[in-house]
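The chains referred to below are lettered A, B, ... by the order of the sequence lines, with proteins before strands, and numbering in each begins at 1. Values in this document were obtained by computation on a predicted structure and should not be read as measured data.
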Protein chains: 2
Amino acid sequence: MSILIDPQLDLQSVRIVRAIADTGTITGAARMLGYSQPAVSQHLQRTESRLGLPLVTRVGRTVRLTEAGQVLARHALTITSALDAASGDLADLAGLRTGSVRLAAFPTASSTIVPRLLALMAKDHPGILVNYIEAQPPEAVALLREGSVDLAITFGYPGDRSDPHRESANGLRMELLFTEEMVVVLAADHPLASGPVIDVASLADERWIAGCPRCRGHLLAVCELAGFTPAIAFETDNASAVLNMVASGLGVAMLPRLALATATLPPGAVIRAHTPTSKRSIHLLANEGARRVPSLAATSELLHGLDGSDWGLVTR
Amino acid sequence: MSILIDPQLDLQSVRIVRAIADTGTITGAARMLGYSQPAVSQHLQRTESRLGLPLVTRVGRTVRLTEAGQVLARHALTITSALDAASGDLADLAGLRTGSVRLAAFPTASSTIVPRLLALMAKDHPGILVNYIEAQPPEAVALLREGSVDLAITFGYPGDRSDPHRESANGLRMELLFTEEMVVVLAADHPLASGPVIDVASLADERWIAGCPRCRGHLLAVCELAGFTPAIAFETDNASAVLNMVASGLGVAMLPRLALATATLPPGAVIRAHTPTSKRSIHLLANEGARRVPSLAATSELLHGLDGSDWGLVTR
DNA sequence: GGAACCGATAACATCGCGCTATGAGTATTC
DNA sequence: GAATACTCATAGCGCGATGTTATCGGTTCC
């Protein structure tokens with residue numbers, strides 16, 4: 001289990017001895033390795049003095065391996081093939097022939113963005129294994145920070161003061177993947193459902209159904225801007241539940257467009273734009289330096305190229 | 001079969017990544033490897049930029065291996081153990097636990113010096129394999145020159161102009177092992193057999209039995225010095241044959257003392273010193289640089305320590 | 001909020017390691 | 001047997017890789 005390698009035995013020596021074994025001359029070895037003849041000659045002498053053993057003896061005008069040289073030459077193949085195997089594996093990683101990506105994304109993405117990504121990955125880079133974990137943005141960031149995950153897909157709201165650009169510092173890099181509009185969900189028989197666009201202020205007296213904590217935070221911010229504090233009657237991060245509660249007349253809600261792609265809109269609910277309009281952005285978070293890891297760079301590139309317009313996502 | 005190793009992957013990187021995998025921090029890795037923390041940090045950055053792949057990511061105040069880093073760490077054990085195996089084998093050679101010696105010696109030594117040497121080698125360095133070839137001095141030198149043999153035990157005569165010191169140039173090294181006297185062999189009933197010392201000149205009219213070519217050359221030189229040219233009736237390099245021929249009254253002979261150790265003196269022959277006295281020397285020849293090869297140095301040392309006085313050899 | 005720990009960076013010194021030019025010894029050639 | 005060509009060794013040189021210490025920013029823990 002000793003990690004101590006004899007510092008007196010370096011790769012160059014092994015390569016040189018092997019080349020001499022192959023060609024029979026120092027000059028030939030030098031040519032094979034792309035060095036000048038004196039370079040090989042001197043290196044050999046240095047190695048011999050380090051080892052305290054001659055590796056070659058002069059015979060005639062050429063050179064012949066001593067017993068020690070022959071021993072080294074015999075080991076050379078093993079050593080070089082072990083190194084070749086290692087650098088081959090590294091080349092596979094660099095060439096995207098192998099590799100793995102550990103990805104975290106928020107729940108709504110699990111049934112929209114992520115499946116589409118995985119299909120693309122399987123097609124373009126079949127050798128790369130993707131490991132997916134569902135996590136809300138804060139947890140996803142934590143996983144990223146502790147190194148349990150390589151990439152995190154998160155969302156954020158413009159005024160959000162918890163992650164927008166503060167994450168880009170501290171070694172984390174944030175890239176914008178999509179933006180999407182928030183929409184208001186009303187019961188189909190709601191009086192305001194007749195108009196195409198709804199003033200949020202006109203919903204001041206409604207009962208609200210809120211989503212996840214961060215979504216609730218955004219709702220509060222929007223309503224505050226409109227001059228009121230919403231009465232939140234229910235909370236659930238299940239979009240389908242929200243839609244059905246609205247359809248049942250339990251209240252109104254504000255959802256991102258993407259959430260609507262995960263659930264079928266029940267007959268009793270309608271979707272409307274609102275003013276002042278509000279948006280949500282979807283980010284890709286990665287450790288600084290992920291760009292240099294081929295598998296992560298490839299995943300990132302595919303994500304950036306993804307078309308989410310059928311879900312109401314805007315690429316930019 | 002490519003010998004080309006990715007020059008972008010060096011041992012240091014492998015060691016560092018492995019140390020980081022073990023300790024979890026760069027500082028710890030630096031301590032483990034005996035470097036300063038910035039050294040490891042910078043080396044890591046260089047390697048990453050060479051590879052085009054990050055190997056670590058900062059997490060909290062420590063550091064974590066990326067997938068590439070983990071791959072490299074997994075390979076690290078294989079690579080280091082391959083190197084450890086190589087340097088272990090080299091250490092065995094250096095420590096005389098393994099190794100081989102290819103030895104050539106002249107025929108008479110085969111049944112005298114060499115067996116004694118082999119016994120000592122087996123006792124002192126049981127891990128070292130000795131490969132022995134019998135060869136007359138000229139052939140032994142040729143074998144040495146062409147690299148087929150590591151050590152050669154030869155003999156030479158003082159006036160011999162073929163190998164005494166000319167060999168010490170040209171990359172061959174010659175060391176004196178023993179000297180021995182030449183003796184005259186007479187039939188027991190020979191008139192001169194009664195005296196203890198024989199004047200060579202008094203043997204001018206005898207028929208001579210000569211040995212190997214070089215021995216014959218020496219005989220000619222000695223006789224020339226005594227003022228005559230010997231009549232050579234027979235030639236054989238088999239000492240036992242010579243002795244029996246002399247015992248049968250076919251002639252007289254001059255043999256080295258060592259030759260007498262290889263054959264029992266038949267009753268009909270006697271040995272006498274002669275004047276002017278002549279000597280033969282026994283050498284160890286080796287390629288320059290053999291002193292630095294442990295197995296050859298050990299063999300040489302045992303040879304120099306050998307006691308051949310019971311064969312009439314003089315150590316010096 | 002302060003102390004301790006970790007990693008990154010800056011500035012700097014050194015020496016490993018490559019190069020070219022050249023010399024000495026060996027094999028091949030006519 | 002001299003001329004030629006080839007191989008290895010040496011000298012001299014330059015540069016860049018790879019260490020070092022000092023210091024700073026950021027994180028964790030009490």
Side-chain angles (χ1 to χ4, degrees), chain A residues 7-17 19-20 23-50 54-66 69 142 144-147 166-172 287-289, chain B residues 7-17 19-20 23-50 54-66 69 142 144-147 166-172 287-289:
Chain A
Q8 53 193 4
L9 197 56
D10 60 327
L11 276 189
Q12 215 58 325
S13 307
V14 174
R15 296 173 63 192
I16 284 177
V17 168
I20 290 178
T23 65
T25 71
I26 288 183
T27 302
R31 266 196 290 268
M32 172 180 294
L33 298 175
Y35 290 127
S36 67
Q37 172 264 318
V40 174
S41 185
Q42 293 176 55
H43 201 300
L44 207 52
Q45 290 176 39
R46 279 194 299 270
T47 304
E48 285 179 338
S49 73
R50 270 198 298 252
L55 294 174
V56 297
T57 57
R58 296 216 37 183
V59 44
R61 71 178 171 187
T62 71
V63 94
R64 177 195 202 80
L65 288 180
T66 63
L144 199 55
R145 286 204 176 283
E146 75 185 42
R166 312 182 66 175
E167 304 298 0
S168 66
N170 302 349
L172 286 194
N287 228 310
E288 189 62 53
Chain B
Q8 53 194 4
L9 196 55
D10 60 329
L11 279 188
Q12 215 57 325
S13 308
V14 173
R15 297 174 63 194
I16 285 177
V17 167
I20 290 178
T23 66
T25 72
I26 288 183
T27 302
R31 265 196 291 268
M32 172 179 294
L33 299 175
Y35 291 127
S36 66
Q37 171 263 317
V40 174
S41 185
Q42 294 176 55
H43 201 300
L44 207 53
Q45 290 176 39
R46 278 193 301 270
T47 305
E48 287 179 337
S49 73
R50 270 198 298 254
L55 294 174
V56 298
T57 56
R58 296 215 37 184
V59 44
R61 72 177 170 187
T62 71
V63 94
R64 179 194 201 81
L65 289 179
T66 63
L144 199 55
R145 286 204 177 284
E146 74 185 43
R166 312 183 64 177
E167 305 298 0
S168 65
N170 302 348
L172 285 194
N287 227 310
E288 190 62 53

### Query
Quick one: does Thr47(B)'s side chain get under 4.5 Å of Ile16(B)'s, heavy atoms only?
no
### Residues Gln12(B) and Tyr35(B): side-chain donor-acceptor under 3.5 angstrom
yes
### Task
Just call it for Ser36(B): base, sugar-phosphate, or nothing, with non-hydrogen atoms closer than 4.0 Å on any strand.
base
### Task
Give a yes/no on whether any side-chain N or O of Thr62(A) is located under 4.0 angstrom from OP1 or OP2 of dT7(D).
no
### Length of the line joining Arg64(A):CZ and dC8(D):C1', which is rounded to integer Å
17 Å
### Query
Looking across every strand, which nucleic acid part, if any, lies under 4.0 Å from Gln45(A) by heavy atom: base, sugar-phosphate, or nothing?
sugar-phosphate
### Separation of dC8(D) P from Glu48(A) CD (nearest whole Å)
13 Å
### Task
Compare side-chain N and O positions of Arg46(B) against OP1 and OP2 of dA8(C) and report whether any pair is under 4.0 Å apart.
no
### Query
Where the side chain of Arg61(B) is defined as all heavy atoms beyond and including C-beta, which of dT28(D), dA11(D), dG7(C) is the nearest nucleotide?
dT28(D)
### Query
For the side chain of Gln42(A) and the base of dA9(D), is some donor closer than 3.5 Å to an acceptor across the two?
no
### Query
Which one, dG19(D), dT18(D), dG7(C), comes nearest to the side chain of Asp10(B)?
dT18(D)
### Task
Take atom CD of Gln12(B) and atom P of dG19(D), then tell me their distance rounded to the nearest Å.
5 Å
### d(CZ, Arg15(A); P, dC17(C)) in whole Å
13 Å
